[in-house]
Amino acid sequence: PPGAPPPPPADFAMPWDDREKLRLVVLENVRRNPAVYETVMKLAEPTKLPTAGGLREFPAGTPTLLSYVNANMDPNMWGDDVKEFKPYERAAMLWGSEAK
């Protein structure tokens with residue numbers, strides 16, 4: 001899609017013989033290019049969410065768009081280098097104690 005992150009750098013050595021490293025490479029690719037871009041759900045109960053104007057309460061039944069692309073490219077969660085391909089540096093967040 002337009003604006004999608006580029007593939008891994010051409011000089012990146014794929015770790016075909018190391019399953020754990022290969023898992024991180026796959027997870028980093030899925031983080032940057034999710035198979036499902038977004039989903040819609042209805043809130044099951046009244047929920048307070050942050051908005052540009054501060055915290056706002058939404059009633060139960062409010063349709064809500066969950067954007068995996070935006071969440072996976074949030075520098076507040078992934079750091080300022082969010083668009084860079086760094087599977088090993090993000091290991092704990094992709095598949096470890098910090099995984100969300």
Side-chain angles (χ1 to χ4, degrees):
D11 62 346
F12 182 80
M14 290 298 288
W16 298 116
D17 58 341
D18 187 330
R19 290 180 63 114
E20 292 305 311
K21 285 185 177 181
L22 190 57
R23 177 192 324 261
L24 294 173
V25 169
V26 169
L27 290 172
E28 177 72 342
N29 273 305
V30 170
R31 178 191 72 82
R32 292 165 31 122
N33 299 289
V36 176
Y37 294 107
E38 59 194 23
T39 189
V40 177
M41 61 174 264
K42 289 185 178 179
L43 297 176
E45 57 190 43
T47 305
K48 289 184 180 180
L49 297 170
T51 65
L55 205 58
R56 180 176 170 195
E57 184 166 345
F58 295 90
T62 301
T64 306
L65 175 78
L66 302 174
S67 172
Y68 301 114
V69 173
N70 288 338
N72 290 344
M73 289 296 167
D74 183 356
N76 294 317
M77 180 172 185
W78 298 96
D80 291 334
D81 58 354
V82 69
K83 292 186 178 183
E84 293 181 33
F85 184 77
K86 295 186 167 186
Y88 310 135
E89 291 84 345
R90 299 187 210 287
M93 293 180 72
L94 292 167
W95 189 262
S97 59
E98 298 175 34
K100 309 257 188 244

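Just the heavy atoms: all of them, side chains too, but no hydrogens, waters or symmetry mates, feed the values below. Since the model is a prediction, treat every value here as computed from it, not as a measurement.
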List the atom pairs, donor and acceptor, that lie under 3.5 Å between side-chain atoms in residues 62-71 and the rest of the protein, sequence neighbours left out.
| unit_1 | atom_1 | unit_2 | atom_2 | d |
| --- | --- | --- | --- | --- |
| Thr62 | OG1 | Pro59 | O | 2.7 |
| Thr64 | OG1 | Thr62 | O | 3.2 |
| Ser67 | OG | Asn70 | N | 3.1 |
| Ser67 | OG | Asn70 | ND2 | 3.3 |

If you look only at distance, which donor and acceptor atoms sit under 3.5 Å apart when one is on a side chain in residues 40-48 and the other is two or more places apart or in another chain?
| unit_1 | atom_1 | unit_2 | atom_2 | d |
| --- | --- | --- | --- | --- |
| Thr47 | OG1 | Glu45 | O | 2.9 |

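Pro34 has its side chain within reach of Asn72: a pair of non-hydrogen atoms, C-beta onward, lies under 4.5 Å apart.
When all heavy atoms of Leu22 and Pro15 are compared, the pair lying nearest together is N-CG, 3.7 Å.
Transitive grouping of hydrophobic side chains (ILVMFWY, heavy atoms separated by less than 4.5 Å) keeps Val30 and Tyr37 in distinct clusters.
In this structure, CZ in Arg90 is found 7.0 Å from CH2 in Trp78, a value given to the nearest 0.5 Å. Of the inter-residue distances, the one linking Leu24 atom CG with Trp95 atom CH2 reads 9.5 Å to the nearest 0.5 angstrom.
Between the side chain of Arg56 and the backbone N or O of Thr51 there is no donor-acceptor pair closer than 3.5 Å. Judged by distance alone, with hydrogens and angles left aside, the side-chain atoms of Arg31 form no donor-acceptor pair with the main-chain N or O of Leu94 at under 3.5 Å. Under the 3.5 Å distance criterion, the side-chain polar atoms of Asp81 are left unmatched by any main-chain donor or acceptor of Glu84.
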Quick one: do Phe12 and Met14 satisfy side-chain contact (heavy atoms from CB on, under 4.5 Å)? Show the steps, please.
CA-CA 6 Å; Phe12 182 80; Met14 290 298 288; 3.8 Å; yes

Applying side-chain contact (heavy atoms from CB on, under 4.5 Å), run through Phe85 and Glu28 and close with a yes or a no.
CA-CA 7 Å; Phe85 184 77; Glu28 177 72 342; 3.6 Å; yes

